[in-house]
Structures are given as C-alpha cells and as structure tokens.
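Shown next, in structure tokens, is the structure this report addresses.
Basis for what follows: all heavy atoms, side chains included, without hydrogens, waters or symmetry-related copies. One-based numbering along the sequence shown.
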Amino acid sequence: KARLLAVLAATQLSSRCYVIEESGTTTTLKFEPLLVLGIAIVALLGIAIGVAIMLRPTRRRQGFSITAFCVMAGAFTVPIMWLDHLVITPTEIYHENGFWFRPTHKGFRFADVEAIRIQEVKRPRRSSRDWFIDRVGGNQDQISPGDLWESNEDFVVEKLKGYGVTFR
C-alpha cells in the first residue's frame, strides 16, 4: 500500500509542477507553491533525521553528512524555485530565476524582435531548446530558457504569437 501511495503522490506532484496566473493582460508562470512547500518539508525532515542520527556516537559522520546535504539542498532549491517566475505582457516577456542573492533576468521586448527560431542545442551535461532572437536591425541574441520556460514552451509560443511575434 505504501508503494502505491508513493506512486500516486509522485504522479500528482509531477502533474502540477507549474501554475499559470492571469491578471488583466499579464500572465505569470511559476512553480506550484505546494511543490515548493513539499520540497521544504522534505529538507526539514532530512535535517531532523540527520540530527537524530548525529546524536548516536557511532553514526555522527553519517548524521552530519545527511544534515549538511539537506541544509544545502533546502537552502538553495527552495528559494530558487519560490522566486522563479516567467512573466508575459502584451509588450514583453521576462524570466527571473537563479540564486536569490544574484538573480538572472532573461527576456525581450516584442517590438525589438523580427523573428524567433527555437532550436535544440547540445551541451556537455544535457541539451536544451534555445531561443534565437533575430532583432530588428540585424543583431541576434540567444536565450537558453530555464526549466519553467522550457517546460511551458508550447503555451509561451502560442501566447507570443497572439501578441504578433513571428516564429520560424
């Protein structure tokens, strides 16, 4: 029964990873708050388990390792996911993500875009679908979208087409 519950819980979490909020003419995509809360709870439970193991004299090293890993994972993953958001307005798209102490801002104004081409780019550890933006005036930019943007690519493309952005 426990395995079945774990599989069902994982299915529900993975099916609702992102939230799309519409407010007037602004669309915001972000990670599901319950998913982020769930990750925070797992990190806190891991810390508690690590501390409990550390209290046993023969297991201090293992307990410290578990505690340190959960503190680091929770301290980085939870704020990054909580602050990550993609905003689409009638005039621009921008994505803020990365570490809370040094966020990354990606995006562009639609008026500056002649056309966009999306292409698979192979990287040493993984591949991604980068956006090559042909700007008015001849310059070209390359944006490697984050997970939030890339996972919702079809929705984003349709939304931008609705605002007059051309895709090749």
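Proximity of Arg117 to Gln140: side-chain heavy atoms (C-beta onward) are separated by under 4.5 Å at one or more points. Proximity of Trp82 to Pro33: side-chain heavy atoms (C-beta onward) are separated by under 4.5 Å at one or more points. The shortest distance between side-chain heavy atoms of Thr28 and Val87 falls below 4.5 Å.
Glu96 places no side-chain N or O within donor-acceptor distance of the main-chain N or O of Leu83, the cut-off being under 3.5 Å.
Going from atom CD of Glu21 over to atom OG1 of Thr26 covers 11.5 Å, rounded to the nearest 0.5 Å. Atom-to-atom distance recorded for Leu86:CG and Asp147:CG is 12.0 Å, nearest 0.5 angstrom. With rounding to the nearest 0.5 Å, the separation of CD1 in Ile49 from CD in Gln62 is 14.5 Å. Arg60 contributes atom CZ, which lies 14.0 Å from atom OG of Ser65 (distance to the nearest 0.5 angstrom). Atom CD in Gln142 sits 9.5 Å away from atom CD1 in Ile133 (nearest 0.5 Å). In this structure, the separation between CD1 on Ile53 and CZ on Arg61 is 15.0 Å, given to the nearest 0.5 Å.
In the hydrophobic clustering of this structure, Ile41 does not group with Ile66; members are Ile, Leu, Val, Met, Phe, Trp, Tyr whose side-chain heavy atoms approach within less than 4.5 Å, directly or through other members. Both Ile20 and Leu160 sit in one connected hydrophobic cluster of ILVMFWY residues. Membership requires side-chain heavy atoms under 4.5 Å apart, directly or through other members. At a threshold of 4.5 Å between side-chain heavy atoms, the hydrophobic network of Ile, Leu, Val, Met, Phe, Trp and Tyr places Ile39 and Trp100 in one connected group. Hydrophobic cluster membership differs between Val51 and Phe69, with clusters built from Ile, Leu, Val, Met, Phe, Trp and Tyr side chains linked at under 4.5 angstrom. Linking Ile, Leu, Val, Met, Phe, Trp and Tyr whenever their side-chain heavy atoms come within less than 4.5 Å puts Phe76 and Met81 in one cluster.
Ring geometry for Trp131 versus Phe108: interplanar angle of 30 to 60°, hence tilted. Using cut-offs of 30° and 60° for the angle between ring planes, the Phe31 and Tyr18 rings count as tilted.
The shortest non-hydrogen separation linking Cys70 to Ala43 is CB-O, 3.6 Å. The minimum heavy-atom distance between Arg135 and Gly107, with the atom names listed, is NH2-O, 4.1 Å. Across all non-hydrogen atoms, the minimal contact from Ile118 to Arg129 is CG2-NH2, 3.5 Å. Closest non-hydrogen pair, His85 versus His95, comes out as O-CD2, 3.1 Å. Scanning all heavy atoms of the two residues, the minimum distance from Glu114 to Thr166 falls at O-CB, 3.8 Å. Closest non-hydrogen pair, Gly146 versus Lys106, comes out as N-NZ, 3.9 Å.
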Evaluate Arg123 against Asp130 for salt bridge (Lys or Arg N to Asp or Glu O under 4.0 Å), listing each step before the verdict. CA-CA 11 Å; Arg123 294 200 163 71; Asp130 286 8; 2.8 Å; yes
Derivation of the side chain to side chain contact (heavy atoms under 4.5 Å, CB included) call for Ser127 and Lys122: CA-CA 4 Å; Ser127 63; Lys122 303 272 188 223; 4.1 Å; yes
Could you walk me through whether Phe132 and Ile116 satisfy the side chain to side chain contact (heavy atoms under 4.5 Å, CB included) test, starting with their C-alpha distance in whole Å, then the side-chain angles of each, then the deciding distance to 0.1 Å, before giving a yes or no? CA-CA 6 Å; Phe132 294 87; Ile116 297 173; over 6 Å; no
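Within 6.0 Å of atom OH in Tyr163, more than 12 heavy atoms from other residues, nucleotides or ligands are found, so the atom counts as buried in its surroundings. The local environment of CZ in Phe64 is sparse, with at most 12 non-hydrogen atoms from other residues, nucleotides or ligands closer than 6.0 Å. Surrounding NZ of Lys30 are at most 12 heavy atoms belonging to other residues, nucleotides or ligands under 6.0 Å away.
With Trp149 as reference, Val156 is the one residue of Leu29, Asp84, Val156, Asn97 to meet the side chain to side chain contact (heavy atoms under 4.5 Å, CB included) rule. With Ile93 as reference, Ile88 is the one residue of Val113, Ile143, Ile88 to meet the side chain to side chain contact (heavy atoms under 4.5 Å, CB included) rule.
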